[in-house]
Amino acid sequence: MYDLLLRDATIVQSTGRLVADIALEDGKIAYVGGSPGGKAKEEVSAIGHFVMPGVIDGHVHFRDPGLTHKEDWSTGSRAAVRMGVTTVLDMPNTVPPTVDAKTAKAKLAIAAERSVANYGIWIGATADNAKAINKLWDDGVICGTKLFLAHTTGTLGLDDDAVHKLFLDSKGLIGVHAEDQRLLDKHHKAHAKEPRPEHNDVRPPEAAAEAVSRLVRLVRETKRRVHICHLSTANELTILEPLFGDLPITTEVTPHHLFLSVETWQGDKNLIKVNPPIRPELDRRALWTAVKRGRLNTFGSDHAPHTLEEKAADYWEAPAGMPGVETLFPLLMNAVKHGRMGLERLVEMCCEQPAAIFALEGKGRIQVGADADLILFKEGESTKLKKSELETKAGWSPFEGKEIGAPPVRVIVNGHTVARNGTLMDDLPKGQAVTYKR
Ligand code: NCD
Ligand code: ZN
Ligand code: ZN
Ligand code: ZN
């Protein structure tokens, strides 16, 4: 007997849509097609609804262990699944940082205990942990290595020699925060006496472009596979455009760089202080053009929660980053509503490409045998984001009061319905660690 049968659902894939029934059993997709024989414990008519795989967010900072006043695996994952993100990959700049077998396993144990989303982790690159990285990669413990080319939140910045050595000595996917530390230092110094400089002047667009150029050279030399996080400028796109598909480089873009700009932000500037910075409209539009043309691979939230008290400090003291895992899907749905992209692109960049880039077993596609991580949703409905509805411990969003797409009608994780219309169910089953096929 099936656990759940979704009848007449319009399944969205990057290649198009089809109407079919989907049956779930024991946490897996058991059937996709015309009416299946056999009964189900629960049957839902999905007429007029779309179904897509759960969103895979390859870039969250759930702050656990060590910074749990900002977020923890419970609150972060609840925020995620409420709005359709069913799998998250957590970044290593926790306390202690995730940089070896001990800290990786400790973090996975916390996630196993607290996460209601499916989860994986990145390991942070240090000057001398290539050996540990390689073992964790071979053992399928990590989704990849996170390299901070510049100092941002945490202590994981790396100098040139160490970066080169990492590219030569380690294996697996390298995810990169790409800003050039030398250019950052120069501009930091130039603005150091100003009490409230523009963040975009202190961490200028050239720093991102310079770091991307350097990555291209490193990839040419070493043939390593690189995933560049949070592209934010037109110039990065210009550098990467002629290389698209030729080098093993994939990219991520965040909602905050797609929906916010320095010209249009009206609130407290510290709230949108983030690395790399929110850019001018020109860059924002270039990012959307790239999304439209299929030149960017993934959406990732860079969910980087800090408390409002921390954000209330002066410019220099206020931490960079903002919550985003809970607004990723509804913001993108609103963009679909307004014709900025089609549902096919959304599914490609939220599900199919992340599953392929991170080699996630059973994720990213609706097919028999895949994990039953699904979103049932309507298109064309919007609502206003209310602070009181947020599950993130940070308790705020730069998109408060803004129009967002309606929450998913139903979010299903491992076959269990975990949220309906933006409301979490009472008893949420634990998420599972992702596995990698590589
Ligand atoms: C991130 C954080 O706070 O952990 N901050 C940010 O501004 N994006 C770190 C990072 O991803 O750079
Ligand atoms: Zn970053
Ligand atoms: Zn400057
Ligand atoms: Zn980040």
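The first residue of the sequence shown is numbered 1, and numbering continues consecutively from there. Both counts, for ligands and for their atoms, begin at 1 and track the order of listing.
- Taking the six-membered ring where the residue is Trp, W122 and H227 present parallel rings, their angle staying beneath 30° rather than reaching 60°.
- Neither the backbone nor the side chain of M91 has any atom closer than 4.0 Å to an atom of ligand 1 (non-hydrogen atoms only).
- Around the Zn ion (ligand 2), protein N, O or S atoms at less than 2.8 Å number 2.
- For atom 10 (C) of ligand 1, the closest non-hydrogen atom of the protein is T152 OG1, 3.6 Å.
- Ion pairing of D180 with K186 is absent here, as no side-chain N (NZ or NE/NH1/NH2) approaches a carboxylate O to less than 4.0 Å.
- A salt bridge between K165 and D161 is absent, with no side-chain N of the basic residue lying under 4.0 Å from a carboxylate O of the acidic one.
- Put simply, the side chain of Q13 never gets that close to the backbone of V347: no donor and acceptor are under 3.5 Å apart.
- Atoms of ligand 1 found under 4.0 Å from any heavy atom of H306, numbered from 1 in the order shown, are 3 (O).
- Comparing K273, H256, H61 against atom 11 (O) of ligand 1, the shortest heavy-atom distance belongs to H61.
- Taking a 4.0 Å cut-off on heavy atoms, R63 registers as neighbouring ligand 1.
- For a threshold of 3.5 Å applied to N or O pairs, the pair formed by N93 and ligand 1 contains at least one separation below that value.
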Show which side-chain atoms of residues 327-336 pair as donor or acceptor with protein atoms under 3.5 Å away, not counting sequence neighbours.
unit_1, atom_1, unit_2, atom_2, d
T327, OG1, G324, O, 3.3
N334, ND2, E403, O, 3.4
N334, ND2, E403, OE2, 3.1

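- Pairing each heavy atom of H191 with each of W316, the nearest pair is O-CZ2, 3.3 Å.
- Of all non-hydrogen atoms in S301 and H256, the two that sit nearest each other are O-CE1, 3.5 Å.
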(message) Test side-chain hydrogen bond (donor to acceptor under 3.5 Å, both in side chains) on T233 and R279; report intermediate values, then the result.
(response) CA-CA 7 Å; T233 66; R279 306 296 191 182; 5.7 Å; no
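- For atom 7 (O) of ligand 1, the closest non-hydrogen atom on the protein side is N275 N, 2.8 Å.
- Every atom of ligand 1 with a heavy atom of D302 under 4.0 Å away is listed here by number and element: 8 (N), 11 (O).
- Close to ligand 1: H59, with a non-hydrogen atom less than 4.0 angstrom away.
- In summary, K107 and D90 engage in a salt bridge, as defined by a charged side-chain N under 4.0 Å from a carboxylate O.
- Residue A320 has at least one N or O atom closer than 3.5 Å to an N or O atom of ligand 1.
- For the side-chain contact (heavy atoms from CB on, under 4.5 Å) criterion with K269, the lone passing option out of E198, K311, H199 is E198.
- We find that R63 and D72 are not joined by a salt bridge, their nearest charged nitrogen and carboxylate oxygen being 4.0 Å or further apart.
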